[in-house]
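Everything below concerns the one structure shown next.
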Protein chains: 2
Amino acid sequence: MLQKKLIERLKSHDISVSMQRLHILEFLLEKPEHYRAEEVYEMLKPKIPTLSLSTVYNTLHLFSERGLLKTLHLEEGVTHYDGVLEEHAHFVCEKCLKIFNVPLKETLPEADLPGMKILQVNLTYRGICHECLI
Amino acid sequence: MLQKKLIERLKSHDISVSMQRLHILEFLLEKPEHYRAEEVYEMLKPKIPTLSLSTVYNTLHLFSERGLLKTLHLEEGVTHYDGVLEEHAHFVCEKCLKIFNVPLKETLPEADLPGMKILQVNLTYRGICHECLI
DNA sequence: TATCAGATAGGAATAGTTCCTAATTAATTA
DNA sequence: TAATTAATTAGGAACTATTCCTATCTGATA
Ligand SMILES: [Mn+2]
Ligand SMILES: [Mn+2]
Ligand SMILES: [Zn+2]
Ligand SMILES: [Zn+2]
């Protein structure tokens, strides 16, 4: 994505611009995969040698809070971040722990939750992927 | 639940019986709530003074593997166990972190996952609960 | 009874995340 | 512009849920 677009995106979400933030946002938006903080850190270290893991955590929290990306709790003790905001489900392989995006045919069922404010819906399938079934 | 029923339940899932297992199973089956390993441990300590946290972890893993209960990854870094096996969704309040059971009106959408073996489906709503909205 | 496998207890080790503080950078004010 | 203030970042220590390791215990088997 163009630098200009990224800057706009940050500003429109009330986030002031910094090199670290631009890089982290770009990294997550251009990929359909799901990364952990540590992975984002390792991938960006070459580009921003002074980058710290704390900053990655700070930034990911901020982005998630402001709706720039989605936080996923799919497996034990790890948080993944998803830059794809279009509604979709996930499939987690219990063997290799790979995460797959799953397009949704129908919209997700409305929940009967009177008085609650729903901010996010998450649909996850769990099982064994085609690779691991062989 | 009757001791007899519990023993049957274990045996029918190819799990040999022990006091620890009976107590842990009973505890989780009779409650609609969602507990962490540590909580199960604390609750059962008075009944089984020699109980160890390791055993609780071992047992919960075993039960989950054999389909006696469901493993939930709803919030950061914690695993909850659910003894209610009937299909239902969850609502997690982002403020107080309480977990609510949500009955499902419709069945969950079939996933377009050719070649994958689906073992579990998980639907989670996230937001602010009625208590925290006041 | 002696042998063996499985289950348990206890504690050390691990790892992802959070918290704290000082240094750096950006924004605001005079 | 210079001085002041606020926000961001870097680095590392602290925290904590979970896993891993090992010795002990228990129950079944021969
Ligand atoms: Mn995704
Ligand atoms: Mn439940
Ligand atoms: Zn797999
Ligand atoms: Zn709440």
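Excluded from the calculations below are hydrogen atoms, water molecules and symmetry mates; all remaining heavy atoms, backbone and side chain alike, are included. Quick note on labels: first sequence line is chain A, next is B, and so on, each numbered from 1.
- Alongside A:Phe100, the hydrophobic cluster contains A:Phe91, A:Val102, A:Leu104, A:Leu108, A:Leu113, A:Met116, A:Ile118, A:Val121, A:Leu123, A:Tyr125, B:Phe91, B:Phe100, B:Val102, B:Leu104, B:Leu108, B:Leu113, B:Met116, B:Ile118, B:Val121, B:Leu123, B:Tyr125 (criterion: ILVMFWY side chains under 4.5 Å).
- The other residues sharing a hydrophobic cluster with B:Leu74 are B:Leu72, B:Val92, B:Ile99, where clustering joins ILVMFWY side chains under 4.5 Å apart.
- Under a 4.5 Å side-chain heavy-atom criterion applied to ILVMFWY residues, the cluster that includes B:Leu133 comprises A:Leu119, B:Ile128 as well.
- Counting only residues at least two apart or on different chains, no side chain to side chain donor-acceptor pair (under 3.5 Å) pair has a member in residues 3-12 of chain A.
- Shown for residues 55-74 of chain B: residues whose heavy atoms fall under 4.0 angstrom of DNA chain D, namely B:Tyr57, B:His61.
- The stretch residues 12-50 of chain B touches DNA chain D through B:Arg36, each having a heavy atom under 4.0 angstrom from the strand.
- Residue pairs meeting the salt bridge (charged side-chain N to carboxylate O under 4.0 Å, His left out) criterion with at least one partner in residues 35-49 of chain B, sequence neighbours excluded, are B:Arg36-B:Glu39.
- Checking side-chain atoms of B:Asp112 against main-chain N and O of A:Lys105 turns up no donor-acceptor pair under 3.5 Å.
- The ring pair (Phe, Tyr, Trp, His ring centres under 6.0 Å) contacts involving residues 22-52 of chain B comprise B:Phe27-B:Tyr35, B:His34-B:His90, where partners must be two or more places apart or lie in separate chains.
- Computed from coordinates, the A:Leu53 CG to C:dA15 C1' distance equals 11 Å when rounded to whole Å.
- Remark: P of C:dG16 and CD of A:Glu76 are 12 Å apart, rounded to the nearest angstrom.
- With side-chain heavy atoms closer than 4.5 Å counting as contact, directly or through intermediates, B:Val78 stands alone and belongs to no larger hydrophobic cluster.
- Here chain B contacts DNA chain D (any atom closer than 4.0 Å to a heavy atom, that is under 4.0 Å), and the contacts span D:dA17 to D:dC20 from 5' to 3'.
- The salt bridge (charged side-chain N to carboxylate O under 4.0 Å, His left out) search around A:Glu33 returns none, not counting sequence neighbours.
- The side chain of B:Ser54 places no N or O atom within less than 4.0 Å of a non-bridging phosphate oxygen (OP1 or OP2) of C:dG11.
- Applying the side chain to side chain donor-acceptor pair (under 3.5 Å) test to residues at least two apart or on different chains, the pairs with a partner in residues 65-76 of chain A are A:Ser64-A:Thr71, A:Glu76-B:Thr79.
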